Peer 1: 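To start, I am sharing the structure in question, which I have written as structure tokens.
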Amino acid sequence: MEKVQVKCIKNGPYEVQGTLTIVDANGNTVSSMENRTYYLCRCGGSKAKPMCDGTHERIHFQSE
Ligand code: FES
């Protein structure tokens with residue numbers, strides 16, 4: 001199995017790198033691509049969940 005790296009961006013999203021499939025709560029595939037970088041919302045404010053849409057900057061999300 002290929003390695004997947006998850007990095008917490010300070011005051012921002014999770015940066016996920018690798019080959020993975022993202023599935024929503026209903027089992028629908030949101031994204032499935034090989035060797036790609038994804039940014040997943042960590043602040044809860046994105047209107048494009050599970051992806052980050054930059055809202056964390058507008059709401060001044062603090063990760064610590
Ligand atoms: S972390 Fe970027 S919109 Fe939530």
Side-chain angles (χ1 to χ4, degrees):
M1 181 178 252
E2 187 176 331
K3 278 188 173 182
V4 174
Q5 175 179 289
V6 180
K7 179 180 177 183
C8 299
I9 304 295
K10 184 175 182 180
N11 301 330
Y14 295 109
E15 179 185 87
V16 184
Q17 293 181 312
T19 299
L20 64 151
T21 300
I22 300 173
V23 179
D24 70 14
N26 296 320
N28 302 310
T29 298
V30 175
S31 182
S32 180
M33 294 185 75
E34 292 186 13
N35 202 19
R36 190 176 156 198
T37 301
Y38 299 87
Y39 293 92
L40 302 180
C41 180
R42 185 159 63 132
C43 73
S46 174
K47 292 186 174 36
K49 291 183 192 83
M51 304 303 182
C52 168
D53 69 357
T55 298
H56 62 272
E57 292 182 7
R58 186 172 50 79
I59 65 174
H60 306 290
F61 172 65
Q62 297 292 306
S63 60
E64 297 177 21

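The model shown is predicted, which means the values in this text are computed figures rather than measured ones.
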Peer 1: Nearest 0.5 Å, please: how far is NE2 in H56 from CD in Q62?
Peer 2: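 The CD atom of Q62 sits 11.0 Å away from the NE2 atom of H56.
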Peer 1: Taking all atoms of both residues into account, what is the closest heavy-atom pair of R58 and K47, and its distance?
Peer 2: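 Result for this residue pair: NH2-NZ, 4.3 Å.
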Peer 1: Which heavy atom of V4 sits nearest to which heavy atom of T19, and what is that distance?
Peer 2: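 Distance-wise, the nearest heavy atoms are CG2-O, 3.9 Å.
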Peer 1: So, for S31 and M51, which heavy atoms are closest and what is the spacing to 0.1 Å?
Peer 2: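 Scanning both residues completely, I find the closest heavy atoms to be CB-CE, 4.0 Å.
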Peer 1: What's the separation between atom SG in C43 and atom NE2 in H60, rounded to the nearest 0.5 Å?
Peer 2: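 Here the interatomic distance stands at 12.0 Å.
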Peer 1: Run the numbers on L40 and I22 for side-chain contact (heavy atoms from CB on, under 4.5 Å), then give the verdict.
Peer 2: CA-CA 10 Å; L40 302 180; I22 300 173; 3.9 Å; yes
Peer 1: Grouping I, L, V, M, F, W and Y whenever their side-chain heavy atoms are under 4.5 Å apart, do I9 and V6 come out in a common cluster?
Peer 2: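 Different hydrophobic clusters.
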Peer 1: Consider only side-chain heavy atoms of I, L, V, M, F, W and Y, link residues closer than 4.5 Å, and tell whether Y38 and V23 are in one cluster.
Peer 2: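 No, no single cluster joins them.
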Peer 1: According to side chain to side chain donor-acceptor pair (under 3.5 Å), who are the partners of E15, at least two apart in sequence or on a separate chain?
Peer 2: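 With neighbours one apart ignored, the set is Y39.
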Peer 1: Do you know which two heavy atoms are closest between G12 and R42, and how far apart they sit?
Peer 2: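 Residues G12 and R42, closest heavy atoms: O-NE, 3.0 Å.
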Peer 1: Minimum heavy-atom separation for N26 to D24, with atom names?
Peer 2: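 Of all heavy-atom pairs spanning N26 and D24, the closest is N-OD1, 2.9 Å.
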Peer 1: To check you understand the geometry: which heavy-atom pair defines the closest contact between N11 and F61, and what is its length?
Peer 2: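 Reported closest heavy-atom pair: CB-O, 3.3 Å.
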